[in-house]
Amino acid sequence: MALVTTTEMFKKAYDGGYAIGAFNVNNMEIVQGITEACQELKSPVVLQVSKGARAYANHNYLVKMVQAAVENCPDIPIALHLDHGPDFETCKACIDGGFTSVMIDGSSLPFDENVELAKKVVDYAHAHGVVVEAELGTLAGVEDDVNVSAEDSSYTRPEEVEEFVDRTGCDSLAIAIGTSHGAYKFKPGTKPQLRFDVLEEVSKRLPGFPIVLHGSSSVPQEFVQKINAHGGAMPDAIGIPEEMLREAAKMAVCKINIDSDIRLAITATIREYFDAHPDHFDPRQYLKPARQAVKDMVAHKIVNVLGSDGKI
Ligand code: G3H
Ligand code: 13P
Ligand code: ZN
């Protein structure tokens, strides 16, 4: 199967009450770990690339690695998506350079400027057979060195979504309901909460329209404990409880973004490995179990959180 857009996979996910995992890729082991799990479980997947990933690994390397995964995993639909596209030029470079989906992130702009920028990207993308995710509302957390404090974050205003989707023509909409980027999503001792009422109101106003959740890592405590037990320092790392994500996946949420859990799986595995094998220095020795940890984590999400197994 060639690379696909997200249109068909989102429609099936919406109708089927499950969600597609959108996992960030930065190197070969991450691409392999994710796609091997998806191939074995017959799950569609979005592989997404941030501005930082393009700067780290280079656009061409990432596209070619994803193309190799498509060849190696012939059964499953794979979309290649730009995560948090910061401007028209980056979106255009990805549309021209083999991506099937882009996000234009104008969420920090005033409403009319967000609309104008998203529409410009949509017009170019649609003319080239590429789909567009846009965002309304602001998440807290860090992405590409932009740090949004919890005070400056804001929930999506449901009364704005119809006009936004109408005027931009975007294909999916990321909303802010209390998730945030990174490994520190809630204050220790507080009860994790998401605004399901906002999600419900948005989906009432946009029937059948795919909604996207960013900042959806669960920060598995087994990884945090392993990191802390082997020289790391991540006290109070807390994520989104899995049952909340399952709930969202049954609703209008068709795409769930996960990056931090990949980072944690790799870091926990490598820290433990180095402690056990202080004399090893061949990267293949420690990257092999790290890749396996990514695969196991993704498989767990597919089966227990997303519900996308067998949905090709
Ligand atoms: O939403 C942000 C993603 O986790 C990507 O992170 O910008 O550091 O690559 P990054
Ligand atoms: P996490 O930091 O929760 O993994 O979120 C990733 C994300 O939203 C990528 O766009
Ligand atoms: Zn994000």
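In this text the structure is predicted, and so the values were computed from the model without any measurement. What you see below is based on every heavy atom in this structure, not just the backbone, and it leaves out hydrogens, waters and symmetry mates. Just follow the structure's listing: the first ligand is 1, and inside any ligand the first atom is 1.
- No chain of hydrophobic side-chain contacts below 4.5 Å, direct or via other Ile, Leu, Val, Met, Phe, Trp or Tyr residues, connects V131 to F23.
- Atoms of ligand 1 lying under 4.0 Å from any heavy atom of H181, numbered from 1 in the order shown and given with element: 1 (O), 2 (C).
- Interface of N24 with ligand 1, defined as ligand atoms under 4.0 Å from a residue heavy atom, comprises 3 (C), 5 (C).
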Inset, instruction - Go through the steps for D83 and K51 under the test salt bridge (charged side-chain N to carboxylate O under 4.0 Å, His left out), then give the verdict. - result: CA-CA 7 Å; D83 189 28; K51 175 184 163 198; over 6 Å; no
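- Close approach of ligand 1 to R263 (heavy-atom distance below 4.0 Å) involves ligand atoms 4 (O), 5 (C), 6 (O), 8 (O), 9 (O), 10 (P).
- Hydrophobic clustering (ILVMFWY, side-chain heavy atoms < 4.5 Å, transitive): L213 and V132 are in one cluster.
- Between the side chains of Q48 and K255, at least one donor-acceptor pair of N or O atoms lies under 3.5 Å.
- The N, O or S atom of H214 with the smallest distance to the Zn ion (ligand 3) is ND1.
- At a 4.0 Å heavy-atom cut-off, ligand 1 does not touch K51 at all.
- Annotation: angle subtended at the Zn ion (ligand 3) by H181 NE2 and H84 NE2 is 100°, to 10°.
- Those atoms of ligand 1 with a heavy atom of D259 less than 4.0 angstrom away are 3 (C), 4 (O), 5 (C), 6 (O).
- Figure legend: K311 and Y18 shown as a cation-pi pair, the cationic atom lying under 6.0 angstrom from the six-membered ring centre and within 45 degrees of its axis.
- Taken together through direct or relayed side-chain contacts under 4.5 Å among Ile, Leu, Val, Met, Phe, Trp and Tyr, V305 and I20 form parts of separate hydrophobic clusters.
- Note on ring orientation: taking the six-membered ring where Trp is involved, the planes of Y273 and H277 are tilted (angle from 30° to 60°).
- Panel note: side chain T100, backbone L80; a donor-acceptor pair is recorded below 3.5 Å.
- Counting heavy atoms closer than 4.0 Å to ligand 1, residue M103 contributes nothing at all.
- Side chain to side chain, H84 and E133 fail the donor-acceptor criterion of an N or O pair below 3.5 Å.
- Here the shortest heavy-atom pairing between V253 and A248 reads CB-O, 3.2 Å.
- Checked by distance only, ligand 1 and N26 stay at 3.5 Å or farther apart across all their nitrogen or oxygen atoms.
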Between the protein and ligand 2, which nitrogen or oxygen pairs come in under 3.5 Å, and how far apart is each?
residue  : atom   : partner : partner atom : Å
ligand 2 : 2 (O)  : G182    : N            : 2.8
ligand 2 : 2 (O)  : S260    : OG           : 2.7
ligand 2 : 3 (O)  : K185    : NZ           : 2.5
ligand 2 : 3 (O)  : S216    : N            : 3.1
ligand 2 : 3 (O)  : S217    : N            : 3.0
ligand 2 : 4 (O)  : S217    : OG           : 2.6
ligand 2 : 4 (O)  : D259    : N            : 2.7
ligand 2 : 4 (O)  : S260    : N            : 2.7
ligand 2 : 5 (O)  : G215    : N            : 3.3
ligand 2 : 8 (O)  : H181    : NE2          : 3.1
ligand 2 : 8 (O)  : H214    : ND1          : 3.4
ligand 2 : 8 (O)  : G215    : N            : 2.8
ligand 2 : 10 (O) : D83     : OD1          : 2.9
ligand 2 : 10 (O) : D83     : OD2          : 2.7
ligand 2 : 10 (O) : H84     : NE2          : 3.2
ligand 2 : 10 (O) : H214    : ND1          : 3.1
ligand 2 : 10 (O) : N257    : ND2          : 3.1

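- If you look at D83 next to ligand 1, the close heavy atoms, those under 4.0 Å, all belong to the side chain.
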Inset, instruction - Please assess D96 against Y124 for the test side-chain hydrogen bond (donor to acceptor under 3.5 Å, both in side chains), listing each intermediate value before the final yes or no. - result: CA-CA 10 Å; D96 295 343; Y124 189 80; 2.6 Å; yes
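- At a 3.5 angstrom cut-off on N or O pairs, S50 counts as close to ligand 1.
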